[in-house]
Amino acid sequence: MAAGSDGALPADAASRAQELREQLEAHNSSYYVLDAPTVLDAEYDRLFGELQALEGRYPELLTVDSPTQRVGGKVLDALQPVTHRVPMLSIQTETDIEDSGAVNFDNRVRKELGLAEEAPPVEYTAELKFDGLAISLRYEQGVLVQAATRGDGATGEDVTTNVRTIRVIPLRLHQRAGAPAVPDTLEVRGEIYIDRRDFESLNAAQQAASEKLFVNPRNAAAGCIRQLDSRIAARRPLSFFAYGMGESTGWALPATHCGMLDAFAAWGLPVNTDRAVVSGAQGLIDYHRRIGEARNRLPFDIDGVVYKVNSLALQQQLGFRSREPRWAVAHKYPAQEELTEVLDIEVQVGRTGAITPVARLKPVFVGGVTVTNATLHNEDEVRRKDIHIGDTVVVRRAGDVIPEVVRALAERRPADARAFVMPQTCPSCGAAVRRDEDEAVARCTAGLYCPAQRKQALLHFASRRALDIDGLGEKIVDQLVDNSILRTPADLFRLEVPALAALERMGDKAAANLVQAIGQCRDTTLARFIYALGIRNVGESTARDLAAHFRDINVLMAADELRLQQVTDVGPVVAQSVAAFFADAHNRAVISDLLAAGIHFAPIAEPEQLAPGVAGKTFVLTGTLPTLSRDEAKARIEAKGGKVSGSVSKKTHYVVAGGEAGSKLVKAQDLGVAILDEAALMVLLESM
DNA sequence: GATCCTCGAGTTCT
DNA sequence: CTCGAGGATC
């Protein structure tokens, strides 16, 4: 490809290269020198990659001062420069999709070593790539004498006084019985980082002190370590992991990289335990995948994994290529944080009238999907994060899925940015919006007279956990309500095929299916029906409690607040909501209309057979189970007398974990709660 | 009165 | 999944 397209140098390539160099230099300066990043890593990497590609294709564009020709930034005047005796190299990054990074690396290594196809697989160590600040620690006769940042790889900065304040870094290496003797001199290479929880509290403290917030843990770490005042650094929650070595004299080098890390650990240096010795490309692929799934559960940020040839002899044989070792590569994951712009902040009206601000974002690819919307929850949240329309914001995919606006970059706010103002009237119906004292949400006061709320109420009525009407989606409900065909849930049972088929995006077939689905939903349970009504503060669980207690819709409707409070988990607030709902004449009319339309309830099921290991026990489901859906698993546990709850606590008996399990699994491990997989759950359910 | 535990409600994208 | 808030418990 390069060979064919070499030749004439297009004018726009030269100007683009110049532009990229200027941008990157500006970012370098603010990121490394001022500790105030103007772009995030992903954006920087993208610009950097583009320039690298351009220079690779047109070598005449390459200049000595190009940002691609150096590893880091300038040395500040205030910290003393330190020349590294063994340069601190960077590691080549595989910019690939999927598994090819591991395969490419393995192929290169085998080729360089001259291995035949049928030769046994190469042994590698695989480690986490911490997202922090690279550091070199020099120990002489086991005593920490100097700590230096990477700087440009050849010369860094002396940060010894600050590093001495980091508690996990030993000031003197331990000499334990059975461990290798401590070398005369040893330079330990590793990463200073801040774990996520500490980062959050650090930012909270910064905010309380009206100090500038840190954009991410890596930047906070860099800022702290290069503090001129080590008393401030001492108060910062810095951590460290060792992963490599610079100069060393006076010890018998182990045979493998892994053995070296074991020796480090024996001397009291922190070494991360998520590393593994694996075999061949497949071993690397498995590790990459495993860590990718566990990434969110780690207490600190990583931006990928690192593969290294395990044998130190083979490492030496492979040697270096300009500034990078041939025996190691970094394999990155897609960025979980990106920068984008807030195009607008709109509000949505929920089923209960809650007015929720939503940020409309300039589309941005983050964590594997394109994000265009992110909820801002409520007015206080917008204020707390100080998000204006027009702001550049950090967007993250938190907890695997839901996009979140993390914070706004105040220094990038344009002059014409506008603050968000909570509307005083409902965007759907124009009724007054009210926010009660000590409530976080503002609500439309029109109730079901508000079309938005009526639509949401109907969708809730039809939802899977309520009456489960298939095919009644948002688009259809919008049209039916706007055309005044549908006003209450009872109207659903009067819908006919011709009227439906006249709607947009609806044919005869779909219309007939919908009418049939509505007909089928008449057969339901009292608990589902109560839930479907959408009474405030009554969810699935409370609806079930009410159904089990009253067993008859008419008895429930007649109950006063005192009787309602006899039900478990019903206190004054819920009792008031329920009583008020059934006191309303319109609601009563709709209910009798529904019953007249033929809704009837299956007799309340007595628990079948109770499994001894299940009855009375509390389960929490997390992750994706191999065969059962979440709802099926829940139904099966409940059928045997167990209870399924949403969050893990001391009272949880079992956590059932599937693939990609999240924070709940971690919490279960912390609390020592028993963890089951699907197979173990089935055994428990079948046991009598 | 404080603390812990659950539930309810709202939300994204494929 | 996460937050806020209702209910139970000590």
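FYI, side chains are in, hydrogens and waters are out, and symmetry mates aren't considered; it's all heavy atoms of this structure. Lettering of chains follows the sequences in order, A, B, ..., and the numbering in each one begins at 1. Since the structure is predicted, the reported quantities are computational estimates derived from the model, not experimental observations.
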[X] with [Y]: basic N within carboxylate O range, under 4.0 Å:
X         : Y         : value
Arg218(A) : Asp301(A) : no
Asp482(A) : Lys455(A) : yes
Lys385(A) : Glu381(A) : yes

Looking at [N], I'd like to know if its phosphate oxygens (OP1 or OP2) sit under 4.0 Å from a side-chain N or O belonging to [X].
X         : N       : answer
Thr352(A) : dG8(B)  : no
Thr542(A) : dG8(B)  : yes
Arg536(A) : dG8(B)  : no
Ser541(A) : dC7(B)  : yes
Gln348(A) : dG10(B) : no
Ser645(A) : dC5(B)  : no
Lys643(A) : dC7(B)  : yes

Among dT12(B), dT14(B), dG10(B), which nucleotide sits nearest the side chain of Thr356(A)?
dG10(B)
Minimum-distance nucleotide to Thr372(A) side chain [options: dC13(B), dA9(B), dG8(B)]
dC13(B)
5' precedence on DNA chain B between Ala354(A) and Asn373(A) (nearest-nucleotide basis)
Ala354(A)
Would you mind reading off the distance between [X] atom [atom1] and [N] atom [atom2], rounded to a whole angstrom?
X         : N       : atom1 : atom2 : result
Tyr531(A) : dG8(B)  : OH    : P     : 8 Å
Leu533(A) : dA9(B)  : CG    : P     : 13 Å
Arg396(A) : dT2(C)  : CZ    : P     : 10 Å
Arg544(A) : dG8(B)  : CZ    : C1'   : 13 Å
His460(A) : dG10(B) : NE2   : C1'   : 13 Å
Asp545(A) : dC5(B)  : CG    : P     : 19 Å
Leu361(A) : dT11(B) : CG    : P     : 15 Å
Leu459(A) : dG10(B) : CG    : P     : 12 Å

Taking only nitrogen or oxygen atoms into account, show me every contact under 3.5 Å that the protein makes with nucleotides 3-7 of chain C, one pair per line with its distance.
{"from": "dA5(C)", "atom 1": "OP1", "to": "Ala440(A)", "atom 2": "N", "distance (Å)": "3.2"}
{"from": "dG7(C)", "atom 1": "OP1", "to": "Gly571(A)", "atom 2": "N", "distance (Å)": "2.7"}
{"from": "dG7(C)", "atom 1": "OP1", "to": "Gly571(A)", "atom 2": "O", "distance (Å)": "3.3"}
{"from": "dG7(C)", "atom 1": "OP1", "to": "Val574(A)", "atom 2": "N", "distance (Å)": "3.0"}
{"from": "dG7(C)", "atom 1": "OP2", "to": "Val573(A)", "atom 2": "N", "distance (Å)": "3.2"}

Quick one: which residue pairs count as a side-chain hydrogen bond (donor to acceptor under 3.5 Å, both in side chains) with a foot in residues 424-435 of chain A, not counting sequence neighbours?
Glu379(A)-Arg435(A), Asp380(A)-Arg435(A), Arg434(A)-Asp436(A)
Do the side chains of [Y] and [X] get nearer than 4.5 Å, heavy atoms only?
X         : Y         : result
Asn373(A) : Arg360(A) : yes
Leu556(A) : Asp552(A) : no
Phe300(A) : Leu128(A) : yes

Grab the two heavy atoms, one from Thr356(A) and one from His377(A), that are nearest each other, plus how far apart they are.
CG2-O, 3.6 Å
